[in-house]
Amino acid sequence: MKSVQSVRGMHDLLPDQSMLWRGIEHTVREVLDCYGYREIRIPVLEKTDLFVRAIGNATDVVEKEMYTFEDRNGDSLSLRPEGTAGVVRAAIEHGLLHVPGLKVWYHGPMFRHERPQKGRLRQFHQFGVEVFGIEAPAVDVELIALGERLWKALGIGGRIRLEINSLGSPESRRTYREKLVEYLAGHEDQLDDDSRRRLKSNPLRIFDSKVSRTRQIMADAPRLTDSLDEDSARRFDEVRRLLDALGIAYRINPGLVRGLDYYCETVFEWITDDLGAQGTVCAGGRYDGLVEIQGGRATPGIGFAMGVERLVELVSLEDAQFPTRPAVYIVCAVDPEHGLALAEEIRNRCPGLEVACDLSGGSFKSQFKRADRSGAGKALVLGEDELADNMVVIKDLRGETAQQRLSLDEAAGVLAR
RNA sequence: GUGGGCGUAGCUCAGGGGUAGAGCACUGGAUUGUGGCUCCAGCGGUCGUGGGUUCAAAUCCCAUCGUCCACCCCA
């Protein structure tokens, strides 16, 4: 019988990695809590139209990367390729936007049908943060400060740098796009194939091209930053002033264009050089028009998302330790009822202590072997003699201390330290 | 969607037409109440899958799936 395998690009998180993931998730939640953001949990499945409207019909994500299928009643549903659209939907649906200043975060799996590679899976995980109803540039900066604190808390601050840009208002973005296309039309025959294709789909993206001739052409292209209207320019100045005031280092990247249609004004990316081709660990920006597009009252919004797999890879490059070892291993050479009861008693007396009990039985020798391999620091030994005398032997598996025969009270006292 | 590398034991890999291998891990023993070091023995694979060529295929050919890396795109 052939065994069934997991779906391509959808990976299992195995026990030897799960503590690392939990440690990272815990740290992220702690930082989010201390900024006063609240968790929101939304379905992984939404009506397809939600994503089409939010992300943009012409984007790759919508055009060819969504897991879309028909529900039994004929509705077109899609596994979420990102979190913001669903959060916006939920906020509108439950009237959360009537009070300005909603601050939420979400966490969970996202799905995109892409070819897997380093840092890119078909089911991947994101933490995301969204703020609604606050127009002021101070929000942009708070979110960036939150990111910076996060990298520090995770011990990867030295590996990540910040890039920012302003896309301007949706109108000025459109004007600029026309200007750029006009400029590039004059050089179309010199562009590489990819860039020529992008001329139609997403011309701003051509700034990212790695082809040298294309880069030369782009060097003389009109700059988005130069065509910002007055409000957007002032707003971007203010973001930079506040970043400077907080001492947050950044680089302005005029070529920084987010992929999804809903972004405008401030956009930013946290980037690393340590993960190969997928260097963006976290990215986001303002989406002031998105709530309206989804049928809500015009409400400014801003948010970012970070890829948990990419975070995990970065943290793994450090020496960060997330222990998985039991503290105590119980070796029981008598009827298992006594071993199980001893383990329960220790758990009662030493809350939080990780207690493993040998369940396979066998000789002292084999049980001690398992005790050693479990990584436990100490073994509690229960044999016929101990049982008869109502004592246990406690043995230090990692040090030189000689083993001791103790009463249960005394042993619990030692373990509780 | 495109291109390239790789699929042999739980893991890391050798073997490239003629009986399926090593190290590590695992189980047991040397040591009938004590792990780690050592030694001995054992368990474990229709060589990713399907087809083809051949007297004979893990090995050559085709297809397919998976994986890794890059492009594209993105977190």
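Letters go in sequence order (proteins before strands), and every chain restarts at 1.
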Exercise: do [X] and [Y] side chains pair donor with acceptor under 3.5 Å:
X        : Y        : answer
A:Glu130 : A:Tyr287 : yes
A:Thr68  : A:Ser78  : yes
A:Tyr183 : A:Asp220 : no

Check: Heavy atoms, side chains only, cut-off 4.5 Å: are A:Lys179 and A:Ser227 in contact?
Finding: yes
Check: Is the closest side-chain heavy-atom distance between A:Gln126 and A:Arg310 below 4.5 Å?
Finding: no
If you go through the side-chain atoms of [X], does one of them form a donor-acceptor pair with the base of [N] closer than 3.5 Å?
X        : N     : value
A:Glu65  : B:C72 : no
A:Lys369 : B:G36 : no
A:Gln367 : B:G33 : no
A:Lys365 : B:U34 : no
A:Gln403 : B:U34 : yes
A:Arg310 : B:C74 : yes

Taking the same atom, [atom1], in [N] and in [M], what whole-Å distance lies between them?
N     : M     : atom1 : result
B:A57 : B:G17 : C1'   : 6 Å
B:A9  : B:G44 : P     : 15 Å
B:U54 : B:C60 : C1'   : 10 Å
B:G29 : B:G45 : P     : 23 Å
B:C65 : B:C55 : P     : 32 Å
B:G4  : B:A25 : C1'   : 33 Å
B:C26 : B:U32 : C1'   : 23 Å

Margin query: Can you see whether A:Phe51 has A:Arg53 sitting over its ring - NZ or CZ less than 6.0 Å from the centre and within 45° of the normal?
Written below: no
Check: Is A:Lys395 positioned over the aromatic face of A:Phe368, cation under 6.0 angstrom from the ring centre and no more than 45 degrees off axis?
Finding: yes
Please check if the number of heavy atoms outside [X] that lie under 6.0 Å from its [atom1] is greater than 12.
X        : atom1 : answer
A:Arg38  : CZ    : no
A:Arg213 : CZ    : yes
A:Asp389 : CG    : yes
A:Glu292 : CD    : no

Item checked: Contact under 4.0 Å: A:Gln117 side-chain N or O vs B:C69 OP1/OP2 -> no
Check: Does a side-chain N or O from A:Arg115 land closer than 4.0 Å to OP1 or OP2 of B:C73, or not?
Finding: no
Margin query: Please compare A:Met10 and A:Cys282 by the position of their nearest nucleotide in RNA chain B and report the one closer to 5'.
Written below: A:Met10
Next item on the list: Return the 5'-most residue of the pair A:Arg370, A:Val281 with respect to RNA chain B, ranking by each residue's nearest nucleotide.
Entry: A:Arg370
How would you label the contact of [X] with the nucleic acid (heavy atoms, under 4.0 Å): base, sugar-phosphate, or nothing?
X        : value
A:Ala305 : sugar-phosphate
A:Glu386 : base
A:Lys64  : nothing
A:Leu121 : base
A:Gly9   : sugar-phosphate
A:Arg398 : base

Next item on the list: Grab the CD-C1' distance between A:Gln123 and B:A75 for me, whole Å please.
Entry: 14 Å
What's the closest nucleotide to the [X] side chain, out of [options]?
X        : options             : value
A:Val381 : B:G33, B:U27, B:C74 : B:G33
A:Arg8   : B:G33, B:G66, B:C71 : B:G66
A:Arg205 : B:G66, B:U27, B:C74 : B:C74
A:Lys118 : B:G33, B:C69, B:C74 : B:C69
A:Arg373 : B:U34, B:C26, B:G35 : B:C26
A:Pro116 : B:C65, B:C72, B:C68 : B:C68

Checklist line | Ring-base stacking, A:Phe364 with B:G33 (5.5 Å, 30° cut-offs) | finding: yes
Notebook entry, point to check: Given that both pair distances must be under 3.5 Å and the pair must be Watson-Crick or G-U, what runs of three or more consecutive pairs involve RNA chain B?
Noted result: B:1-7 with B:65-71, B:10-13 with B:21-24, B:26-30 with B:38-42, B:48-52 with B:60-64
Next item on the list: For residues A:Tyr263 and A:Gly285, report the shortest heavy-atom separation together with the two atoms involved.
Entry: CE2-N, 3.3 Å
What does the list of N/O pairs under 3.5 Å between the protein and nucleotides 40-43 of chain B look like, with a distance for each?
none

Note to self: Give me syn or anti for B:G51, where syn covers glycosidic angles within 90 degrees of 0.
What the structure shows: anti
